[in-house]
Amino acid sequence: MKRAVITVVGKDSVGIIAKVCTYLAEKNINILDISQTIVGGFFNMMMIVDVSAFDEGYQEMSNGVEALGDDIGCTVRIQREEIFDSMHRI
């Protein structure tokens with residue numbers, strides 16, 4: 001299984017979770033774990049996802065979630081799990 005970490009940050013608005021989850025389902029990306037919070041009107045979500053069924057390359061995946069973020073008015077990023085883990089061990 002290939003796993004990745006997706007983060008979503010921005011001003012809270014209706015439908016952020018729905019739009020992100022719909023996008024991931026359309027791309028065969030399975031959500032394994034999800035955490036979200038709203039603090040002072042700002043939305044923050046972190047997801048662990050299984051990308052093993054995603055048919056395109058990593059760059060296409062990254063470009064796709066960034067474009068999704070532009071559409072919903074948030075910053076959306078994806079990182080491979082092993083890179084995320086390495087960055088947070090230092």
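- Nearest heavy-atom pair, Asp50 versus Lys2, reported as atom, atom and distance to 0.1 Å: OD1-O, 3.2 Å.
- Between Val8 and Thr75 the shortest side-chain heavy-atom distance does not fall below 4.5 Å.
- Met46 is not listed as a side-chain neighbour of Ile6, based on a closest heavy-atom distance of 4.5 Å or more.
- Note that CD of Gln36 is 8.0 Å distant from CG of Asp12, once rounded to the nearest 0.5 Å.
- The closest side-chain heavy-atom distance from Met45 to Val20 is below 4.5 Å.
- Distance CD1/Ile34 to SG/Cys21: 5.0 Å, rounded to 0.5 Å.
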Residues Met47, Asp33; criterion side chain to side chain contact (heavy atoms under 4.5 Å, CB included); working and verdict: CA-CA 6 Å; Met47 308 168 96; Asp33 198 359; over 6 Å; no

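- Contact check for Val9 versus Cys74: no side-chain heavy atoms found under the 4.5 Å cut-off.
- By the 6.0 Å and 45° rule, Lys11 does not stack over the aromatic ring of Phe43.
- The structure places CG of Asn30 at 14.0 Å from CZ of Phe54, a figure rounded to the nearest 0.5 Å.
- Here CD1 of Ile16 is found 5.5 Å from CD1 of Ile72. Values are rounded to the nearest 0.5 Å.
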Just do the side chain to side chain contact (heavy atoms under 4.5 Å, CB included) check on Met61 and Glu56 with the steps written out, would you? CA-CA 7 Å; Met61 186 182 341; Glu56 302 171 37; over 6 Å; no

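- Applying the side chain to side chain contact (heavy atoms under 4.5 Å, CB included) criterion to Asn63, with sequence neighbours excluded, gives Gln59.
- More than 12 heavy-atom neighbours from other residues, nucleotides or ligands sit within 6.0 angstrom of CG on Asp70.
- The shortest non-hydrogen separation linking Ile78 to Tyr58 is O-OH, 2.7 Å.
- Taking all atoms of both residues into account, the shortest heavy-atom contact from Leu68 to Lys19 is CD1-O, 4.2 Å.
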Please determine whether side chain to side chain contact (heavy atoms under 4.5 Å, CB included) holds for the pair Asn44 and Val39, giving the CA-CA distance in whole Å, both sets of side-chain angles, and the decisive distance to 0.1 Å. CA-CA 8 Å; Asn44 186 20; Val39 177; over 6 Å; no

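- Nearest heavy-atom pair, Val49 versus Ile31, reported as atom, atom and distance to 0.1 Å: CG1-CA, 4.1 Å.
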